[in-house]
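The first residue in the sequence is number 1, and the count goes up from there. Hydrogens, waters and symmetry mates play no part in the numbers below; they use all other heavy atoms, side chains included.
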Amino acid sequence: MTFLVTGGAGFVGSNLIRRLLLDNPDAQVVSVDNYFTGTEDNHVPDPRVVYIRANTVNIAKEWANAGLPAPTIVFHMGEYSRIPQSFEDIDMTWEYNLHGTKEVVKFAHAHGAKLVYAGSSSKFGNDGQDENLNPYAWTKAKNVEYIRNFDSWFGLDYVITYFYNVYGPGQICHGKYATVIGIFEAQFLAGAPLTVVEPGDQTRDFTHIDDIVDGVMLCAERATGDGYLLGYGQERPILDVAKMFDSKIEMQPASTRRGERVKGQADTTKARSLGWTPTRNLTDYIATFVATHPRP
């Protein structure tokens, strides 16, 4: 078997590659990543993995040039994936998400491969209206529509998953593309106040990377169609999460995080029907982090 993982040098993609290698000892895994947020530090040192530095808009050409066999499953994890930043990176968001995903869908269909797509949970807030809050959420929502329509037009074996605030080892902790928990960890280690955007009662559903990978693998194996939400199933106010680090907290005006939704919690009913159950709790994760990383 040959698996393609777009974004394979990123946080989720690299963890997925490790799992694919573990579960499929005889398989080959190919990563296609443009290294916008991915890094070579995330490479898995295994001869069964091929790393291609390229944009997904060129995926068919790059695959042919590499002389690779047809993929069995295409895990499409490699898109632009930040909300406030997408306002200033709107051209990039369009190129990586709409154009890139169009080419990945065509590629999967041409090879008869199953497509496992990582949709965005941001589309579910406010009775579905939150998909229009920012360029990122909008492009991700349009991609879901495109995939579903492509199936009705041409036929496509696909499953769409939705990630809820992924955290864990290997997350981005520095720079403008860092994750919430990654930012808190970096600030904690630096002895700096943890920055929370006002009012602080906005909620998120934090899901450990290992649970996400478990869910993606189950969806690839057992699921078809849309609607597989992968979240812990518990919404937590951001201010409460910051307090778990037992550090000083500095509130910031809401204008610093344009386009953010107010609430986020996954309805995991459909994912759980596959036998998926998230088991890693954020409270335990942070408690372990604080206990094993003394403040400077």
Problem - From CA spacing to verdict: side-chain contact (heavy atoms from CB on, under 4.5 Å), F36, Y177 - result: CA-CA 10 Å; F36 172 61; Y177 300 106; 3.3 Å; yes
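- For the side-chain hydrogen bond (donor to acceptor under 3.5 Å, both in side chains) test with Y117, the passing option among T161, N143, T6 is N143; the others fail.
- Transitive grouping of hydrophobic side chains (ILVMFWY, heavy atoms separated by less than 4.5 Å) brings L218 and M77 into a common cluster.
- Side-chain contact, Y96 with D89: no donor N or O sits under 3.5 Å from an acceptor N or O.
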Exercise for the section: Take V216 and V116 through the side-chain contact (heavy atoms from CB on, under 4.5 Å) test and state the conclusion after the steps. Expected result: CA-CA 8 Å; V216 170; V116 181; 4.2 Å; yes
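- No hydrogens or angles considered: a donor-acceptor pair under 3.5 Å links the side chains of D226 and Y162.
- Using the six-membered ring where Trp is involved, F245 and F188 have ring planes that are tilted, between 30° and 60° apart.
- Looking at N165, T283, T203 one by one, the single match for side-chain hydrogen bond (donor to acceptor under 3.5 Å, both in side chains) with R236 turns out to be T283.
- Ring orientation note: the planes of F289 and H293 are close to parallel, at an angle under 30° on the 30°/60° scale.
- For the pair Q202 (side chain) and G200 (backbone), a donor-acceptor distance under 3.5 Å is present.
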Handout entry: N281/Y232 under side-chain hydrogen bond (donor to acceptor under 3.5 Å, both in side chains): CA gap, chis, key distance, verdict
Key = CA-CA 8 Å; N281 185 280; Y232 189 79; 3.1 Å; yes
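- I212 is connected to V44 through a chain of hydrophobic side-chain contacts under 4.5 Å among Ile, Leu, Val, Met, Phe, Trp and Tyr, so both are in one cluster.
- If you check the side chains of Y136 and S120, you find a donor sitting under 3.5 Å from an acceptor.
- Under the 3.5 Å distance criterion, the side-chain polar atoms of N42 are matched with a main-chain donor or acceptor of A9.
- With respect to the salt-bridge test (charged N to carboxylate O, under 4.0 angstrom), the residues K61 and E103 do not qualify.
- Applying ring pair (Phe, Tyr, Trp, His ring centres under 6.0 Å) to Y167 and the options F184, Y285, F11 leaves one that passes, Y285.
- Here R19 does not pair with D210 in a salt bridge; the nearest charged N to carboxylate O distance is not below 4.0 Å.
- The shortest heavy-atom contact between P278 and G231 is CG-O, 3.8 Å.
- Counting only heavy atoms from C-beta outward, the side chains of N97 and K140 approach each other to under 4.5 Å.
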